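In this text, all values refer to a predicted model and were calculated from it rather than measured experimentally.
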Amino acid sequence: MTDLRIITYNLLSSEYSNQTSFTEALPEHLNESNRYIKITTKLAHFFSPETIFCFQEVSLDWSNKLTVFLAKHNYKLYCRNYGKESSGHMGVGIAIPDAIHVECIKHVRVSSLKPWPDHNISCSDKLLSCFKKSTKYNTWNKCRVNNNFLIGLVIRYHGQNIVVGNYHMPCAHNSDEIMVTHGCLSVNFLKDLSFEYNTDKIVFAGDFNSVPNVSCHQVITTGIYNVDTFNDKFPHEDTWRPICSMQLKSAYKEHNGEEPDYTNNTVSRGVPFKGCIDYIFYSGINMQSSNVLIEDEPPFPSEREPSDHVMLLATFIVD
């Protein structure tokens, strides 16, 4: 019997770390060089042959620097950058210690995991779209064109295959349909990957941009959602509806009885936010413990927390 540790951490893209976005943070806490040093120092504290890191908001510049840094500490970074220039072309990454063998790696654009039938746009909708006005199927179209990528790995750990997924959900808090679609497609993809590699052991980490017991979190953990809402938001040509092929448990909630008070606590563009939006979900594997690694007083970024998120750690027993 041995332990496997999973850490998920939204690094805060270097392009977003500025005084315009974080009006209450001190300039030195937003400085890119200072933040990078603090983040790599934090990561080094957890380096071990049993620890896997799942990162979100990894800018292209930082993905290159982290690749070199991690290689010096016997880790390999599998990264996929997909964001726009304004986000630093940010993406997601999974860092695997050299001691763990990787059987398979897949980068998938989550929106492409379902078919998108042709839809004849009405003349009025075309006119509205020219003026950047909302149209009847604006939600459907936003979901269709979203470019977020998920990384799915299959590792061979002490004689067993384990699927590890990492995703950064779209920031679509005002659209349950977008969040539920991406949550469901992600879970089903990981389930298919586990079936392909003959395992029921799945760990799914990331920034899900969803607080507990609503939309995305709900469909992942319970599979329950009123799919009738899609009838008005999706055109009649698209008959797909979100049905999760399995339900996952949240490591922190299973160990502590409820989700943490927050994993993201900040004031962004003058608007305070405190909530739990980062999770480590799992299935088919025994979880030993889970905790959030809060080292400073919010709001973040701060002196000892260089991101606007905190780390979340879960330890699993592999036997």
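- F273 shares a hydrophobic cluster with V211, V214, I277; the chain of contacts runs through ILVMFWY side chains whose heavy atoms sit under 4.5 Å apart.
- Side-chain atoms of S245 and N188 form a donor-acceptor pair, as typed in the model, at a separation below 3.5 Å.
- For H158, there are no ring pair (Phe, Tyr, Trp, His ring centres under 6.0 Å) partners at least two apart in sequence or on another chain.
- The existence of a salt bridge linking R144 and D238 is excluded, since no basic side-chain nitrogen approaches an acidic carboxylate oxygen closer than 4.0 Å.
- A donor and an acceptor atom, one from each side chain of E305 and H29, are nowhere located under 3.5 Å apart.
- Applying the side chain to side chain donor-acceptor pair (under 3.5 Å) criterion to E50, with sequence neighbours excluded, gives S48.
- A donor-acceptor pair shorter than 3.5 Å cannot be found between the side chains of N64 and T67.
- Think of L66 as one node in a network of Ile, Leu, Val, Met, Phe, Trp and Tyr side chains linked at under 4.5 Å; its network also takes in I7, Y9, L11, Y36, I39, L43, F46, F47, F53, F55, V58, W62, F69, L70, Y75, L77, L293, M311, L313.
- Remark: S17 engages no residue in a side chain to side chain donor-acceptor pair (under 3.5 Å) (not counting sequence neighbours).
- D176 meets the salt bridge (Lys or Arg N to Asp or Glu O under 4.0 Å) test with no other residue; sequence neighbours excluded.
- A 4.5 Å side-chain heavy-atom check between T263 and V292 finds at least one atom pair inside the cut-off.
- Side chain to side chain, T229 and E177 meet the donor-acceptor criterion of an N or O pair below 3.5 Å.
- No hydrogens or angles considered: nothing links the side chains of S210 and Q218 as a donor-acceptor pair under 3.5 Å.
- For N231 and R241, the side-chain atoms include at least one donor-acceptor pair closer than 3.5 Å.
- Shown here are the salt bridge (Lys or Arg N to Asp or Glu O under 4.0 Å) partners of K106, two or more places apart in sequence or in another chain: E196.
- Judged as a side chain to side chain donor-acceptor pair (under 3.5 Å), and not counting sequence neighbours, Y282 has no contacts.
- With hydrogens and angles disregarded, no donor-acceptor distance shorter than 3.5 Å links the side chain of R35 to the backbone of E28.
- Among residue pairs with one or both ends in residues 285-296, those qualifying as side-chain hydrogen bond (donor to acceptor under 3.5 Å, both in side chains) are K42-E295, D296-S302, D296-R304; sequence neighbours excluded.
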Practice task
Given side chain to side chain contact (heavy atoms under 4.5 Å, CB included), test D207 with M169 step by step and report yes or no.
Solution key: CA-CA 6 Å; D207 176 354; M169 284 281 295; over 6 Å; no

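- With sequence neighbours excluded, no residue forms a salt bridge (Lys or Arg N to Asp or Glu O under 4.0 Å) with K142.
- Scanning for side chain to side chain contact (heavy atoms under 4.5 Å, CB included) contacts around H101 gives E103, R156, with sequence neighbours left out.
- Residues forming a side chain to side chain donor-acceptor pair (under 3.5 Å) with E24 (at least two apart in sequence, or on another chain): none.
- Between F234 and W240, the angle of the ring planes stays under 30°, which puts this pair in the parallel group of the 30/60° scheme.
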